[in-house]
Amino acid sequence: MALALEGIRVLDFTWVVAGPAATRVLADHGAEVIKVERRASGFMLGTRRAGLMADLNRNKRSIAVNMAVPAGVELAHRLVKVSDIVVDNFSARVMRQWGMDYQSLARIKPDIICMSMSGFGHTGPRANFVSYGPTLQALSGFTLDMQDEQGRPAGFGYSYADMAGGYSGALAALIALWHRRRTGEGQFIDVSQFEALVSVVGPSILDLTVNGRRQPPPKWSPQEEPAAPHGVYRCRPEGEDADRWIAISVRSHSDWRRFVAAIGSPRWASDARFHTLFGRMQNRELLDRQVARWTAEQDAWQAMRRLQDASIAAAVVSNAEDLCKRDEQLKARNFWPTINLPDGGQINLTGIPFQLSETPGALRRPAPEIDQDRDWVLSEVLGLGQSERQALLAAGAIYTD
Amino acid sequence: MSATGALKGLRVLDLTGLKGALASRLLADMGADVIKVEPPGGDRTRSLGPFAGNQPHPDRSLSFWFYNLNKRSVTLDYQHARGAGLLLRLVESADVMIESFKPDHLAQFGLEWDELRKRNPALILCSIAPFGQTGPWRDFEADDTVLAALSGMLYVNGFPDEPPVRPLGLQAYHCAAYYGAIAIMCALFARERTGRGQWIDLSMQEAAAWGVEHVAPSYFGTGQIARRRGTLHWAGGFRVGKCRDGYILHSISGDWSTLLEWVKADGAAQDLTQPQWEDPQYRRDHAAHLFDVLDAWVRDKSCVELEQRAQMLRLPYAIPHSINDLPRDEQLVARNYFVEVEHPELGRKFLYPGAPYIFSHTPWRLYRRPPLLGEHNDAVLGGELGISHEEIAVLRAEGVC
């Protein structure tokens with residue numbers, strides 16, 4: 001079956017996480033994504049055979065090009081001529097130094113789209129700041145404002161900024177490609193991962209700019225529909241593992257009645273202070289102590305089942321094993337499909353988070369090792385013969401095995 | 001430069017509430033004509049505080065404002081046969097319809113996918129549901145907290161012996177919205193080839209899992225269950241420390257010898273000069289001790305000086321800011337990130353967060369402030385569907401619009 005983005009070719013200079021996360025979704029839906037890589041990258045997060053890099057780079061091709069020599073840049077330019085979009089996530093100066101900035105490339109291919117996913121964008125006082133996901137999370141408020149109960153900054157335990165940069169970049173690329181298909185016009189997209197992240201903080205920013213109200217730490221999720229109980233409660237240990245939690249949201253009056261019945265109608269629940277949502281929110285600490293006393297006796301998975309059977313929004317706070325092995329829903333939707341590796345092994349990858357009824361995406365090939373598709377790119381994409389390949393090698397543009 | 005947006009000419013019907021509203025806003029920001037179809041009493045988001053000027057009113061909800069900028073609003077009770085009929089007429093001229101109801105909800109009113117595509121074979125229907133349209137949990141209840149819990153997003157934030165810390169902002173919803181918009185763009189490309197639309201089944205849980213970086217890949221790669229590590233980033237490269245006047249995000253992801261020279265020059269390197277610290281893997285494996293040494297090093301420093309010097313040395317240090325600092329953030333200000341939106345009926349202009357990406361030819365634009373409830377009934381029902389004023393008055397009296 002045809003894939004949605006067949007016929008689109010992406011020249012992908014991205015590395016680390018945010019850029020590859022953006023081009024992953026394009027590759028999953030059939031775009032031909034060619035990674036143009038350095039032979040030895042200083043950055044390693046495990047191998048391409050398993051783990052994060054295997055997940056982010058599936059369905060892509062790889063060629064190593066030495067951009068430090070003119071013949072390497074020339075080769076990259078030839079690839080640009082047969083591509084629809086060029087993506088990078090370097091800071092602004094890198095592509096410019098190589099002669100790979102939008103102005104240069106638009107001269108070679110007037111309808112090219114260039115998308116640069118730098119940390120802070122190509123302009124402004126922080127344009128040349130060095131950043132990774134955690135740097136951006138610190139500057140955008142996530143690290144300081146996601147606090148623990150003592151008010152210590154906690155933040156994300158990982159680079160959500162990279163995942164947000166990924167979905168923002170993927171959407172921006174598709175919108176620019178759409179415009180080009182309609183009008184034949186290419187353009188430059190300056191994605192600041194910082195701005196992409198600030199854009200998902202949410203309505204709290206409006207409360208600040210419109211009402212001038214300083215925002216307290218979002219412990220009680222003021223951006224969501226009001227609820228109480230609402231939060232994370234500790235459950236009974238599971239074997240050795242005492243780190244078991246359940247998330248519970250009780251919103252409407254009927255939610256509350258069903259919740260009380262589901263936990264066995266304890267006496268405390270008839271306390272007049274808990275009769276209305278407003279009362280429960282006003283007396284949240286008292287309420288949470290009572291709910292926590294109940295959850296402390298419960299197995300997290302059984303409590304989730306019991307509350308969901310009563311139509312209460314409740315869930316195990318999934319750890320990796322819950323997520324990848326015990327979650328019946330994700331299993332039923334084949335969200336962790338396996339893919340065969342060239343050496344005969346097999347690994348699970350993250351599936352595709354949306355199903356298109358006519359053109360579902362597909363896992364077609366595992367992540368390439370660096371330079372794995374050199375011959376394919378040179379012959380199938382550029383149509384180069386043996387002598388031209390020898391010349392590239394002699395000029396130091398490409399490598400041998 | 002094109003005078004109008006990249007998505008000009010696309011008509012989107014938005015039947016979502018809080019769960020999916022950002023998806024169509026992302027399209028509206030780039031020029032799509034998004035019609036929010038609300039029940040006559042208004043989308044529930046309109047009742048969600050905080051409110052502009054702290055006055056609860058359907059046209060003053062800041063949540064509604066944030067998620068519905070650049071859209072138009074039509075009220076229509078599709079649970080009423082006449083309303084469903086009018087909705088089907090709108091479907092005839094739409095490219096996309098987005099809904100975030102429970103699975104099968106629309107079928108009760110004769111608005112199931114088969115009926116919709118009979119009316120308009122080119123229609124793309126994007127269904128955003130907590131667990132998708134299939135699987136054993138498809139009817140489970142969920143809000144953002146529950147989805148964050150079940151996607152793996154929640155478990156890894158915070159300190160080891162404390163409760164997991166919820167993300168700032170509705171990040172499970174936001175992931176779902178971005179991937180919804182991405183899925184719609186994919187379906188639009190497929191439609192260019194086939195002329196047919198399709199049905200997108202988007203699971204918010206799965207989309208939120210795409211907002212997590214390391215949890216599943218590490219589990220499948222090494223069998224390890226990622227845990228909460230305080231502010232220590234999962235890959236070991238970052239941790240928050242304390243200067244004399246505030247917090248600082250330390251990083252060992254820049255050049256190691258540069259950082260070490262600096263710490264040494266201050267006489268604070270302790271055992272970090274020993275040869276084993278030259279090995280990046282050793283540094284990651286012993287990150288806790290390494291960051292303890294760095295914490296002691298910066299105890300008497302000022303964070304501003306530390307950040308400046310570090311960035312000069314290309315070390316990705318940063319001061320954790322609060323979201324309260326964002327409207328004055330020098331990078332955002334320099335790039336005109338915030339935009340003024342005039343609300344004439346309130347006689348005021350307010351600052352809104354702006355473009356998550358800067359397009360050179362078809363920029364993100366402010367087209368219109370968030371719509372008042374039913375503001376475009378006359379224009380859409382009257383002007384476009386050709387319903388007379390008298391008839392609209394009757395429909396209004398009957399509660400259809």
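Model, not experiment: these values are computed from the prediction. Values below: every heavy atom of this structure, side chains too, minus hydrogens, waters and symmetry copies. Proteins get letters first, then strands, A, B, ... in listed order; numbering begins at 1 in each.
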- Query: Is atom CZ of B/Arg44 surrounded by more than 12 heavy atoms (other residues, nucleotides or ligands) closer than 6.0 Å?
  - Reply: no
- Okay, B/Ile200 and chain A: the region with an atom under 4.5 Å from a heavy atom over there is both
- Message: Under 4.5 Å from any heavy atom of chain A, what part of B/Tyr247 do you find: side chain, backbone, both or neither?
- Response: side chain
- Query: Should the pair A/Arg24 and B/Trp210 be classed as cation-pi, given the thresholds of under 6.0 Å to the six-membered ring centre and 45° from the axis?
  - Reply: yes
- Item | Spatial distance of atom OG1 (B/Thr134) from atom CD (A/Gln355) [nearest 0.5 Å] | 7.5 Å
- Task: Could you look at B/Glu307 and say if it's the side chain, the backbone, both or neither that has a heavy atom under 4.5 Å from chain A?
- Result: side chain
- From B/Cys186 SG over to A/Leu174 CG, what is the distance, rounded to the nearest 0.5 angstrom? 5.5 Å
- The interface call for B/Ser47 against chain A, heavy-atom contacts under 4.5 Å, is neither
- Do A/Asp190 and B/Arg335 sit within salt-bridge range, that is, some charged N less than 4.0 Å from a carboxylate O? yes
- Message: Once side chain to side chain donor-acceptor pair (under 3.5 Å) is applied, do any residues pair with B/Tyr317, and if so which ones, sequence neighbours excluded?
- Response: B/His250
- Message: Under the rule for side-chain contact (heavy atoms from CB on, under 4.5 Å), what residues qualify as partners of B/Tyr219, not counting sequence neighbours?
- Response: A/Ala320, A/Glu321, A/Cys324, A/Lys325, B/Ile225
- Task: Drop me the distance from B/Lys8's NZ to A/Thr183's OG1, to the nearest 0.5 angstrom.
- Result: 12.0 Å
- Side chain from CB out, backbone as N, CA, C, O: work out which of these in B/Ala226 comes under 4.5 Å of a heavy atom of chain A, or both, or neither. backbone
- Note on the structure: When the 4.5 angstrom heavy-atom criterion is applied to B/Phe189 and chain A, the contacting part is both
- Task: Pick one of side chain, backbone, both or neither for B/Asp139, based on which atoms fall under 4.5 Å of a heavy atom in chain A.
- Result: neither
- Item | B/Leu351 portion near chain A, given a 4.5 angstrom heavy-atom threshold | both
- Item | Heavy-atom contact with chain B under 4.5 Å, split by part of A/Ala173 | neither
- Task: Would you mind checking which part of B/Glu192 comes under 4.5 Å of any heavy atom in chain A, side chain (CB onward), backbone (N, CA, C, O), both or neither?
- Result: side chain
